[in-house]
**Q** 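Once you've had a glance at the structure underneath, I'll fire off some questions.
So you know, we letter chains A, B, ... as the sequences are listed, proteins then strands, and number each from 1.
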Number of protein chains: 2
Amino acid sequence: MSKYDLSQDLKRITSTTMADIVELRLREYLKKKSFKPGDPLPKELELAEALGVSRNVVREALSRLRMLGMIESKKKRGMILARPDILGAFERVLDPLIIDKDTLQDIFELRLVLEIGLADLLYIRKTDKDIEELEHIAKNEVRTESSFRIKNEIAFHGKLYEISGNDTLKRFQNMLLPIFGYVVASEKEFRSGKVTHSDLVEILKKGNKEDFRQGMLEHLKPHFDKLEKTETTDTLTD
Amino acid sequence: MSKYDLSQDLKRITSTTMADIVELRLREYLKKKSFKPGDPLPKELELAEALGVSRNVVREALSRLRMLGMIESKKKRGMILARPDILGAFERVLDPLIIDKDTLQDIFELRLVLEIGLADLLYIRKTDKDIEELEHIAKNEVRTESSFRIKNEIAFHGKLYEISGNDTLKRFQNMLLPIFGYVVASEKEFRSGKVTHSDLVEILKKGNKEDFRQGMLEHLKPHFDKLEKTETTDTLTD
DNA sequence: TTTGTAAATATGTTCTACATAACTAATTAT
DNA sequence: ATAATTAGTTATGTAGAACATATTTACAAA
């Protein structure tokens with residue numbers, strides 16, 4: 001490491017293009033005018049003229065907003081403000097092959113945090129039908145070969161998120177799946193704690209929140225152990 | 001309602017534009033060729049020719065990737081694959097004024113889940129200095145007027161995320177702040193559980209993970225109670 | 001009232017042209 | 001010969017015009 005962390009102090013020169021500015025302006029405009037979903041936006045040419053740029057630039061900016069789901073546009077009717085899909089933007093960048101190692105680790109930790117913290121929602125919203133389905137998944141799992149275990153792992157934990165009744169959370173988890181798969185696949189062997197899925201279902205049926213959290217903690221323990229281990233041998237990466 | 005629910009059976013026609021396709025193709029291309037950060041990309045004209053579209057369309061797609069931080073481009077040197085900032089894309093859409101009510105609620109729940117699940121990371125990574133800082137924040141808070149309490153609330157919980165040692169998580173929380181603030185502001189009065197910030201620090205010093213989780217649960221209890229309450233009166237929104 | 005047709009219009013797409021910044025090479029000066 | 005200056009090349013950034021296409025609107029016909 002050099003004496004001064006230059007990349008920290010000197011913030012990178014970002015050649016701001018017109019498209020960047022227009023994107024920002026449009027976002028401000030939408031907010032300021034407090035557009036609601038369904039409201040029509042000005043036409044491209046009007047925007048271009050008002051902003052003093054070419055229609056091309058406006059289109060680049062609009063293309064970005066459209067990608068984020070903030071606007072929709074139809075051939076003649078013009079553009080309307082849509083209700084943006086928060087996670088939609090996220091999904092596009094979430095590719096384990098591109099994300100750097102540190103962030104990958106961060107996200108994996110995030111999963112552990114989520115699953116432990118999930119207990120409260122589960123106990124508020126679980127139904128008998130949910131328990132049945134969980135039981136079914138857990139039962140199925142015992143007699144399957146090891147190659148399918150990851151699939152079952154996903155099914156079980158996915159169902160938990162579903163029970164949480166939080167759509168955003170569920171989608172978030174679904175989005176992170178490829179990353180979890182990637183991290184797990186990079187481990188030598190499939191790790192599983194002493195508490196099995198069947199055990200967790202049993203707790204969900206008869207035990208309370210704290211029991212479940214304790215069980216989940218035990219179930220995920222190998223991962224946490226790995227964390228504590230890497231913690232001590234941690235060095236300055238990058 | 002008509003005899004048949006058309007909008008359910010006939011899935012909406014989504015007019016996929018060239019820019020959408022090109023964006024997808026480029027993403028596939030980057031993945032397939034396993035580009036690494038810093039690697040140069042083909043020129044715009046080459047891409048346009050290879051894909052059989054105009055340079056404009058390619059530019060729209062590139063503009064999107066550039067916004068997501070996946071690529072950087074300089075005047076002559078061409079474009080290079082950058083290490084994408086996962087959360088960068090997220091920040092742009094996260095505006096409490098645009099997000100619909102249900103999602104807002106989802107995100108607020110997400111916060112509760114995170115703070116409860118955080119305990120494990122905290123006990124792995126906390127240092128004496130961290131505790132000191134937390135103590136300082138908590139102590140400061142007692143003698144400030146109510147108008148500053150939200151600010152202190154943010155400072156304290158923010159510090160917790162910081163202690164987690166998970167940069168992504170920390171940034172995530174920082175990103176969600178305006179939303180939390182929005183939700184809290186919409187409540188009639190500022191709710192706080194029986195366990196104060198000072199209590200939490202005390203637990204962090206002397207207690208174990210489970211104690212802390214229990215304490216946090218109690219601290220956030222008003223929010224959870226509100227959840228359980230809205231749960232029973234929940235009707236079909238939308 | 002319903003159906004079919006024509007005009008109008010805003011987005012989608014292409015093409016051309018030029019500006020600009022940055023790299024390369026050639027030229028000049030010391 | 002080396003350094004400095006200059007000119008040329010190149011890829012992105014921006015502008016503008018033109019046409020294609022889908023969809024609304026209006027009007028006409030059955």
**Q** Is it true that Lys43(A) and Glu46(A) make a salt bridge, defined as a side-chain N closer than 4.0 Å to a carboxylate O?
**A**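 Glu46(A) and Lys43(A): salt-bridged.
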**Q** Hey, which sits more toward the 5' end of DNA chain D by its nearest nucleotide, Asn56(A) or Arg55(B)?
**A**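 The 5'-side residue here is Arg55(B).
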**Q** For the side chain of Glu44(A), counting heavy atoms from C-beta on, which of dA11(D), dG12(C), dG16(D) is nearest?
**A**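 My answer, after comparing the listed nucleotides, is dG12(C).
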**Q** Hey, are Lys159(B) and Glu162(B) close enough for a salt bridge, meaning a charged N less than 4.0 Å from a carboxylate O?
**A**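 A salt bridge links Lys159(B) with Glu162(B).
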**Q** Check whether any side-chain N or O of Ser54(A) sits under 4.0 Å from OP1 or OP2 of dT14(D), and answer yes or no.
**A**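 No, outside the criterion.
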**Q** Phosphate oxygens OP1/OP2 of dG12(C): is one of them under 4.0 Å from a side-chain N or O of Ser73(A)?
**A**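 Yes.
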**Q** Grab the CD-C1' distance between Glu60(B) and dT14(C) for me, whole Å please.
**A**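 Between C1' of dT14(C) and CD of Glu60(B): 12 Å.
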**Q** Nearest whole Å is fine: how far is dT16(C) P from Leu45(B) CG?
**A**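 Computing the Leu45(B):CG to dT16(C):P distance gives 11 Å.
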**Q** What is the distance, to the nearest angstrom, from the CD atom on Glu23(A) to the P atom on dT14(D)?
**A**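 For the pair Glu23(A) CD and dT14(D) P, the rounded distance is 13 Å.
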**Q** Given atom NZ of Lys43(A) and atom C1' of dT23(D), what is their separation to the nearest angstrom?
**A**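 It works out to 14 Å between those atoms.
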**Q** What is the distance, rounded to the nearest whole Å, between atom CE of Met18(B) and atom C1' of dT11(C)?
**A**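 So the two atoms are 14 Å apart, to the nearest Å.
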**Q** Looking only at the side chain of Val57(A) (C-beta and beyond, no hydrogens), which of the listed nucleotides dT14(D), dT11(C), dT12(D) gets closest?
**A**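 Closest nucleotide to the Val57(A) side chain: dT14(D).
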**Q** Can you measure Glu46(B) atom CD to dT12(D) atom C1' for me and round it to whole angstrom units?
**A**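 Computing the Glu46(B):CD to dT12(D):C1' distance gives 13 Å.
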**Q** Taking the six-membered ring for Trp, are His197(A) and Phe156(A) parallel (under 30°), tilted (30 to 60°) or perpendicular (over 60°)?
**A**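 Answer is parallel, since the angle falls under 30°.
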**Q** Side-chain N or O of Arg59(A) versus OP1/OP2 of dA10(C): is the shortest distance under 4.0 Å?
**A**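 Looking at the OP1 and OP2 atoms of dA10(C), neither is under 4.0 Å from any side-chain N or O of Arg59(A).
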**Q** Specify the separation, in whole Å, of atom CG of Leu47(B) and atom C1' of dT12(D).
**A**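 Taking CG of Leu47(B) and C1' of dT12(D), I get 13 Å after rounding.
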**Q** Can you tell me the distance, in whole Å, between the CG atom of Leu65(A) and the P atom of dT11(C)?
**A**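 After rounding, the gap between these two atoms is 14 Å.
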**Q** Salt bridge check, Glu109(B) against Arg125(A): does any charged N sit closer than 4.0 Å to a carboxylate O?
**A**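 Salt bridge between Arg125(A) and Glu109(B), a charged N being under 4.0 Å from a carboxylate O: yes.
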**Q** Going through the checks in order, is the side-chain hydrogen bond (donor to acceptor under 3.5 Å, both in side chains) test met by Glu153(A) and His157(A)?
**A** CA-CA 6 Å; Glu153(A) 183 78 10; His157(A) 289 268; 3.0 Å; yes
